[in-house]
Amino acid sequence: VTNIDSLDYRSIYVTNKNEDYYVQETNEGAELHEIKITLDSKLTELKKYGKMISASYEAIKYQKLDLFTTILKRIGTSIAYKEFIDAMAIISGDDIEVVSKVGSTLCYQDLVALWSNCQPFTMNTLICTTKILPALLSLPEFTDSNAGLTFHGNGQIGTLMGANMIVIPEDVNAIIGFDKNYAVEKVQVGGVMTEFDKLIDRQLERATVSTITGFNAIYKDSISMLGV
């Protein structure tokens with residue numbers, strides 16, 4: 001997470017001179033291999049998300065639960081989801097390499113190819129849509145209790161190849177794997193802002209919560225997509 005104090009921000013652009021992420025042996029007096037870091041040519045697109053809730057004194061007074069806390073938690077969840085969709089737009093862009101399926105249907109070999117395409121990074125996060133999830137969970141390798149994948153027993157989705165799976169309702173015909181430590185940079189202005197006030201003449205209490213965030217891809221080679 002990068003915290004900034006203005007609405008203009010340029011991320012970095014990383015260029016590996018030899019297209020090799022491993023450190024190479026260098027002879028004495030020889031030139032060291034170079035990783036060039038420059039500013040991106042475009043500003044980071046920042047978006048603001050927020051909500052305001054307004055409640056009468058009576059609605060607050062006669063409630064048995066903390067009304068504002070419950071609703072604010074729900075607003076926070078909604079904001080987090082919208083930010084996730086923005087991050088998805090970055091990691092599923094046109095310049096991300098797509099791995100093709102081996103056959104007409106999804107198989108375990110396709111997932112191995114997706115994992116391999118992320119190397120030398122570690123594919124520790126997998127994004128799958130609800131549309132593709134049934135086919136994925138139906139794979140024999142995903143129902144093997146000996147491998148610790150016990151979705152059929154307890155309903156918990158396993159960590160396929162060590163990657164935590166995130167299931168989203170968006171209509172994306174792809175499975176996306178990436179290294180969360182190197183793929184995306186989150187830029188935020190001042191964190192989460194919450195404010196409270198009262199309208200005495202109307203006997204209302206109001207609260208607002210908002211964020212301003214944006215996302216950039218850092219190492220695009222750490223992101224891989226499997227077309228489904």
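Not measured: the values here are computed from a predicted model. Every heavy atom of this structure was used, including side-chain atoms; hydrogens, water molecules and symmetry mates were not. The residues of the chain are indexed from 1 along the displayed sequence.
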Distance from [X] atom [atom1] to [Y] atom [atom2], nearest 0.5 Å?
X    : Y    : atom1 : atom2 : answer
S56  : E58  : OG    : CD    : 4.5 Å
L111 : L139 : CG    : CG    : 6.0 Å
E45  : I90  : CD    : CD1   : 8.0 Å
N124 : S222 : CG    : OG    : 9.0 Å
D86  : M88  : CG    : CE    : 11.0 Å
T211 : E83  : OG1   : CD    : 4.0 Å

So which heavy atom on [X] is nearest to which on [Y], and how close?
X    : Y    : result
S11  : E185 : OG-OE1, 2.7 Å
M225 : S92  : SD-CA, 3.8 Å
D110 : V102 : OD1-N, 2.8 Å
L126 : G177 : CD1-CA, 3.9 Å

With K131 via salt bridge (Lys or Arg N to Asp or Glu O under 4.0 Å) - residues at least two apart =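 Salt bridge (Lys or Arg N to Asp or Glu O under 4.0 Å) list for K131, sorted by chain: D171.
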Are [X] and [Y] in one and the same hydrophobic cluster, where Ile, Leu, Val, Met, Phe, Trp and Tyr link if side-chain heavy atoms are under 4.5 Å apart?
X    : Y    : value
I79  : M193 : no
F178 : F84  : yes
I75  : M52  : no
L43  : I37  : no

Answer yes or no: does atom NZ of K51 have more than 12 heavy-atom neighbours from other residues, nucleotides or ligands under 6.0 Å?
->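 No, because the 6.0 Å sphere around NZ of K51 holds 12 heavy atoms or fewer from other groups.
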Heavy atoms of other groups near K82 NZ, more than 12 under 6.0 Å =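 Not more than 12 within 6.0 Å, no.
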Under 4.5 Å between any side-chain heavy atoms of [X] and [Y], yes or no?
X    : Y    : answer
T125 : I166 : yes
R10  : T44  : no
K186 : N216 : no
I175 : I132 : yes
T130 : V167 : yes
Q188 : V1   : yes
Y81  : P169 : yes
L106 : L136 : yes

So, does S138 use its side chain to make a donor-acceptor pair with the main chain of P134 at under 3.5 Å?
->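 Confirmed, S138 side chain pairs with P134 backbone.
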Side-chain donor-acceptor pair under 3.5 Å between Y219 and N181, yes or no?
->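 Note: Y219 and N181 side chains miss the donor-acceptor criterion.
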For the residue pair N117 and S224, confirm or rule out a side-chain donor-acceptor distance under 3.5 Å.
->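 A pair is found: one side chain offers a donor N or O, the other an acceptor, under 3.5 Å apart.
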Show the atom names and distances, to 0.1 Å, of all donor-acceptor pairs under 3.5 Å that link a side chain in residues 198-209 to residues at least two apart or in another chain.
| residue | atom | partner | partner atom | Å |
| --- | --- | --- | --- | --- |
| R206 | NE | D197 | OD1 | 3.4 |
| R206 | NH2 | D197 | OD2 | 3.1 |

Side chain to side chain contact (heavy atoms under 4.5 Å, CB included) evaluation trace for I91 with I127 = CA-CA 10 Å; I91 63 178; I127 297 178; 3.6 Å; yes
For the pair K220 and I96, evaluate side chain to side chain contact (heavy atoms under 4.5 Å, CB included) and give the outcome as yes or no after the intermediate values.
-> CA-CA 7 Å; K220 294 183 179 180; I96 302 301; 4.2 Å; yes
Among Ile, Leu, Val, Met, Phe, Trp and Tyr joined by side-chain contacts under 4.5 Å, find the other residues sharing a cluster with I212 and list them by chain and number.
->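 Under the 4.5 Å side-chain rule, I212 groups with I4, L7, Y9, L46, V187, V189.
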